[in-house]
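Notes follow the structure.
Atoms within each ligand, like the ligands themselves, are counted from 1 in listed order.
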Amino acid sequence: MSIGREQHMAVTIKSPQELEKMRIAGRLAAEVLEMIEAHVQVGVSTGELDRICHEYIVNKQQAIPAPLNYNGFPKSICTSINDVVCHGIPNHKKILKDGDIVNIDITVIKDGYHGDTSKMFCMGKTPPHAERLVHITQECLYRGIELVKPGATLGDIGSVIQQHAEKNYYSVVREYCGHGIGAIFHEEPQVLHYGQKGSGMELKQGMTFTIEPMLNAGRRHVKLNTKDGWTVTTRDGRLSAQWEHTLAVTETGCEVLTTRSDESF
Ligand code: MF3
Ligand code: CO
Ligand code: CO
């Protein structure tokens, strides 16, 4: 989500009944990413990937693709290629080509609750420098997740992500962040991917939020495409990568609600 807009709501603590619904929504979102993998091939258009995901979410999962019509977003998923940082709009004329890196971001609503997750795909013979950005960005997400438990702070998460990114000579996008999630797609708190250990809100059991770091190969600055009002790219034209999970804070740590079968937490 973008920084700066007021959320007008306090942080919500989910009941066990709500958490069960979040588990279901999270699992469905993860399953969309698992399903779409076979279709993410050189030569396919992002419009086609959107069409397949939309059909799967609506007809197979009997769920709702949250992005569609969200603040006017025109499609059911986000597809962000190479220098696109986030919120890329699927298009039948945009064809994935050899060497591209692409983020696919899925959010579904099931029984009133949201699950939000994204991953990167490397197309064909991706250059080692691009694969490395993708890999380090995933490590940033995982290092953030590892710290989530009652008593830790949001600043702990932001700090570990920023440190890992910058140690690897990458920059962290500041204008977009993780977010509380539940019956509302984007709610408090804002989960910054940079900051200082020990600062910010303390985590409590029953909170649910996303961590979704965006790392740039070059400078951190981004620009918004004013023609479509959505597509965010790096200012310097260099690559950007992002990975996202939705999590719940448990008594002793956290539960990753959007875990895929290629992951274990
Ligand atoms: N899924 C994105 C996120 O992680 C939000 C996409 S909003 C849209 O928060 F309108 F662009 F779809
Ligand atoms: Co999100
Ligand atoms: Co998302």
Inset, instruction - Start with the C-alpha distance between M120 and E131, add both sets of side-chain angles, then the distance that settles side chain to side chain contact (heavy atoms under 4.5 Å, CB included), and finish with yes or no. - result: CA-CA 10 Å; M120 298 298 298; E131 294 221 348; over 6 Å; no
Inset, instruction - Kindly indicate whether a cation-pi arrangement holds for K119 with F121, taking the cut-offs as under 6.0 Å to the six-membered ring centre and within 45° of the axis. - result: yes
Legend entry - Exercise: do E263 and Y142 side chains pair donor with acceptor under 3.5 Å: yes
Legend entry - Close-range residues for ligand 1, whose non-hydrogen atoms fall below the 4.0 Å threshold: M1, P67, Y70, F73, C78, H87, D105, T107, D116, H179, F185, H186, E212, W230, E244
Legend entry - Centroid-centroid distance, H186 to Y70, less than 6.0 Å: yes
Inset, instruction - Mind listing the closest non-hydrogen atom pair of I106 and A29 along with its distance? - result: CG2-O, 3.9 Å
Legend entry - Whether H186 has an N, O or S atom under 2.8 Å from the Co ion (ligand 2): no
Legend entry - Identified side chain to side chain donor-acceptor pair (under 3.5 Å) counterpart of N59 within the set Q61, E55, Q62: E55
Inset, instruction - Kindly say whether G47 contributes a backbone atom to a donor-acceptor pair with the side chain of N91 at under 3.5 angstrom? - result: no
Legend entry - G88 backbone acceptor or donor facing T231 side chain under 3.5 Å: no
Inset, instruction - Decide whether Q242 and S80 meet the rule of one side-chain donor and one side-chain acceptor closer than 3.5 Å. - result: no
Legend entry - Shell of protein N/O/S atoms around the Co ion (ligand 3), taken as anything under 2.8 Å: D105 OD1, D105 OD2, D116 OD1, E244 OE1
Inset, instruction - Identify the residue among D100, T233, T234 that makes a side chain to side chain donor-acceptor pair (under 3.5 Å) with N82. - result: D100
